[in-house]
Undergrad: 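Can you keep this structure in mind? I'll have questions shortly.
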Amino acid sequence: MNSVSPVPRTARAYPNIALIKYWGKRDELLHLPTTSSLSMTLDIFPTTTTVTVCDREFDEVILGDEPAPTDFAGKVSRFLDLVRDRAHDTRHAYVHTCNTVPLGAGLASSAAGFAALTVAATAAYGLDLKEPALTRLARRGSGSASRSICGGFAQWHRGEGDGTAGDESSFAETLDATRLNVALVVAVVSAREKPISSRAAMRRTMETSPFYLPWVKSSAEDLYRMRKAIYAGDLPVVGEVAERNALGMHATMLGARPAVRYFAPGSMQVLDRVLGLRDEGVPAYATMDAGPNVKVLCDRSDSSRVAADLAEIVGTEQVLVAHPGPAATLETA
Ligand code: DP6
């Protein structure tokens, strides 16, 4: 067992929004994805988590000001088991986490949450992991969390093979996006809990949708084009590929049995408005995750115009403007 003093360690991480989506696992235990994915880490809605290793019988998990719901606490505890295993330390921990993103609204609170937990917990248990290892560990909490370890634009590699080979090769890394100057305008259509979790929905899609494998194949081509466009700073190509990849993912869900449908009437209105903006010469492109909210990628200089247009549909308070944000960071002890 490590002799770690019970020093609280605090980390902050931000959500990320995928431009090439992760939808489906080839290994549910190791969270090995079917496809590689690519995302932008945001500069809004951070999660801050403090982990203190201590001598107690159970992990205690506090979410905001309250004890966390049992399923949430269970996920945290199972994740801490992975950290304890690596640290050869059996002690439990006190975990305090504060989310600023509405839970379950398709704004990826689990990505920021597990990224912050990964950084805080590894430090609290005395592990010194480099970024690739942190992204692999965060992946075990929630797949998309691997990308929130990185700042700016990141690719999460699907990795090759199964078992240890798959685990070691499935990590996230930051991409060079210095030629892109973008904003992501979030239109919150509904902050209600989603009808089915992304985890259950992606499993059902893989098992039952006849459209799933064609999307997997097209996603590899999308990734190739997207990487080149990001490097070249070509927003129209980045946006078009992101939009078609996301709508394609939703098409696979609509083909699932029973169908998984995250679109709400307001989502459709926002998607229509994005097409309208493009007709008016504003390069704006939509993406959606496992929820009804729509995120619109545009040039930083167009973000006020895009936000004003979307506010007419969902209301001013329901529109947020984000930019590429920082990597997950550990506060100095
Ligand atoms: C639609 O990372 O939440 O947001 O690995 O099962 O925890 P688990 O899933 P999660 O799925 C995110 C799905 C998505 C697309 C994406 O972020 O790439």
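Treat the numbers as computed from the prediction; the structure is a model and nothing was measured. Throughout, residue positions are numbered sequentially from 1 according to the sequence presented. For ligands, and for the atoms within them, numbers begin at 1 and follow the listed sequence.
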Undergrad: Excluding sequence neighbours, so at least two apart, what forms ring pair (Phe, Tyr, Trp, His ring centres under 6.0 Å) with His157?
TA: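 Partners of His157 by the ring pair (Phe, Tyr, Trp, His ring centres under 6.0 Å) criterion, ordered by chain and then number, come out as Phe171.
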Undergrad: How about Tyr14 and Phe45: are their ring centres within less than 6.0 Å of each other?
TA: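 Not under 6.0 Å, so no.
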Undergrad: As a check for students: among Asn16, Ile17, Asp289, identify the option with a heavy atom nearest to atom 4 (O) of ligand 1.
TA: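 Among Asn16, Ile17, Asp289, the closest heavy atom to atom 4 (O) of ligand 1 comes from Asp289.
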Undergrad: Could you list which atoms of ligand 1 come closer than 4.0 Å to a heavy atom of Lys25?
TA: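 Heavy-atom distances to Lys25 below 4.0 Å select 5 (O), 6 (O), 8 (P).
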Undergrad: Below 3.5 Å, N or O to N or O, backbone or side chain included: is there any such pair between Gly143 and ligand 1?
TA: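 Yes, since at least one N or O of Gly143 sits under 3.5 Å from an N or O of ligand 1.
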Undergrad: Show which atoms of ligand 1 fall inside a sub-4.0 Å distance from at least one heavy-atom site of Met202.
TA: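 Checking each atom against Met202, I get 9 (O), 11 (O).
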Undergrad: Below 4.0 Å from ligand 1: does a non-hydrogen atom of Ser198 turn up there or not?
TA: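 Yes; Ser198 lies near enough to ligand 1 that a heavy-atom distance drops under 4.0 Å.
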Undergrad: Mind checking whether Lys21 has an N or O less than 3.5 Å away from an N or O of ligand 1?
TA: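 In this structure, Lys21 places no N or O atom under 3.5 Å from an N or O of ligand 1.
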Undergrad: Please examine the side chains of Thr122 and Leu137, heavy atoms only from C-beta on, and report whether any two atoms are closer than 4.5 Å.
TA: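 Answer yes - side chains close enough.
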Undergrad: Answer with side chain, backbone, both or neither: which part of Ser144 has a heavy atom less than 4.0 angstrom from an atom of ligand 1?
TA: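 For Ser144, backbone and side-chain atoms both sit under 4.0 Å from ligand 1.
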Undergrad: Any idea how His92 and Phe58 line up, ring-wise: parallel (<30°), tilted (30 to 60°), or perpendicular (>60°)?
TA: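 The arrangement is tilted - the two ring planes meet at 30° to 60°.
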Undergrad: Sequence neighbours excluded, which residues qualify as ring pair (Phe, Tyr, Trp, His ring centres under 6.0 Å) partners of Tyr285?
TA: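 Expected list: none.
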